[in-house]
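Numbering of residues begins at 1 and proceeds along the displayed sequence.
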Amino acid sequence: MMIQKHPIMTIVNIVILAIILTYVQAMKVKCGYCTNIPETKYVTILTSAILVEVLAVVFFPTQMRNFFMNNMWLILVLIVINIANIVFLYQFIQKMKVVQCDQCTSEWRRSFLHYYSSFVLILYAINIVLSIMAVLILSISYNPRSQIVAK
């Protein structure tokens with residue numbers, strides 16, 4: 001196994017994914033209502049897919065880099081999966097908060113996941129706004145006549 005360039009971030013990523021999966025599984029055992037929240041299924045599936053991808057990159061870095069470089073469209077798919085996972089996680093936590101299930105809301109993992117999903121959604125929103133602003137600024141300032149063509 002090859003050492004990653006950013007092992008601490010990889011470990012943090014794996015730990016957060018593990019917290020999500022263990023919390024959802026714990027809710028299936030503890031609480032009947034939380035298991036029936038539709039987002040539970042989506043969070044489990046998407047988090048598992050992301051965890052498999054992260055572990056594949058950890059254990060097979062060169063092969064995965066080559067695979068993603070040859071299939072660039074998969075990077076877009078992974079971005080969409082990550083955004084969908086955070087949105088479903090946020091919705092799942094919000095629905096649990098509304099019901100105020102004593103068994104589920106007292107968990108430290110629920111509080112952590114609430115703050116984590118809120119923070120990541122804010123970061124995605126800022127990123128989207130800044131990207132749109134950059135596109136608008138570049139499109140307004142673009143002048144095709146100002147392009148220099150070598151002779």
Side-chain angles (χ1 to χ4, degrees), residues 1-140:
M1 180 171 98
M2 191 172 179
I3 303 289
Q4 291 290 92
K5 290 183 182 180
H6 305 288
I8 293 175
M9 288 307 298
T10 303
I11 292 168
V12 168
N13 195 3
I14 292 170
V15 167
I16 289 173
L17 293 170
I19 289 171
I20 293 169
L21 287 175
T22 57
Y23 180 67
V24 171
Q25 291 304 316
M27 293 309 98
K28 287 181 180 178
V29 173
K30 283 185 179 182
C31 179
Y33 174 77
C34 296
T35 305
N36 293 328
I37 297 174
E39 286 81 5
T40 307
K41 177 176 61 173
Y42 302 128
V43 169
T44 303
I45 292 168
L46 294 174
T47 303
S48 299
I50 295 166
L51 184 60
V52 167
E53 182 266 329
V54 168
L55 291 175
V57 169
V58 167
F59 291 115
F60 310 106
T62 306
Q63 295 88 342
M64 292 305 292
R65 182 181 51 230
N66 293 337
F67 178 73
F68 284 122
M69 292 304 286
N70 292 330
N71 301 293
M72 294 294 282
W73 59 273
L74 278 176
I75 294 172
L76 180 60
V77 170
L78 288 173
I79 290 170
V80 170
I81 287 173
N82 276 298
I83 292 172
N85 189 40
I86 290 297
V87 169
F88 285 129
L89 179 63
Y90 182 78
Q91 290 176 339
F92 171 66
I93 297 297
Q94 288 304 106
K95 286 184 179 177
M96 288 177 58
K97 246 177 128 178
V98 168
V99 172
Q100 302 240 343
C101 178
D102 291 336
Q103 295 172 338
C104 303
T105 55
S106 63
E107 276 270 344
W108 68 267
R109 291 178 287 192
R110 194 208 56 81
S111 298
F112 170 75
L113 293 175
H114 170 71
Y115 291 119
Y116 169 74
S117 61
S118 299
F119 178 72
V120 173
L121 280 175
I122 290 169
L123 288 180
Y124 279 137
I126 291 170
N127 195 3
I128 290 169
V129 168
L130 291 177
S131 297
I132 290 171
M133 286 176 50
V135 168
L136 289 175
I137 290 170
L138 290 174
S139 66
I140 291 170

Tell me whether the count of non-hydrogen atoms from other residues, nucleotides or ligands lying under 6.0 Å of CD1 in Ile8 goes above 12.
no
Look at the aromatic rings of Trp108 and Phe112 and report parallel, tilted or perpendicular, splitting at 30° and 60°.
tilted
Of all heavy-atom pairs between Ser117 and Leu89, which one has the smallest distance, and what is that distance?
CB-CD2, 4.1 Å
Check: Leu17 and Leu21 side chains under 4.5 Å, non-hydrogen atoms
no
More than 12 non-hydrogen atoms from neighbouring residues, nucleotides or ligands closer than 6.0 Å to OH on Tyr42, yes or no?
no
Taking Asn82 for the side chain and Leu78 for the main chain, is one N or O donor matched with an acceptor at less than 3.5 Å?
yes
Is there side-chain contact between Phe67 and Leu74, with heavy atoms separated by less than 4.5 Å?
yes
Euclidean distance, Phe59 CZ relative to Met64 CE, rounded to 0.5 Å:
12.5 Å
Closest non-hydrogen contact found for Ile20 with Tyr116 is CD1-CE2, 4.5 Å
Counting C-beta onward and ignoring hydrogens, is there a side-chain heavy-atom pair between Gln25 and Thr44 closer than 4.5 Å?
yes
In the structure I gave you, are the side-chain heavy atoms of Phe92 and Tyr23 within less than 4.5 Å of one another anywhere?
yes
Separation between CD1 (Ile16) and CD1 (Ile11), nearest 0.5 Å, reads 12.5 Å
Measuring from atom OH of Tyr124 to atom CZ of Phe119, what distance do you get when rounded to the nearest 0.5 angstrom?
11.5 Å
Got a second to check how far Ile86's CD1 is from Ile122's CD1, nearest 0.5 Å?
12.0 Å
When rounded to the nearest 0.5 angstrom, what distance separates OH in Tyr90 from NZ in Lys95?
13.0 Å
Nearest 0.5 Å please: distance from the CG atom of Asn66 over to the CZ atom of Phe60.
13.5 Å
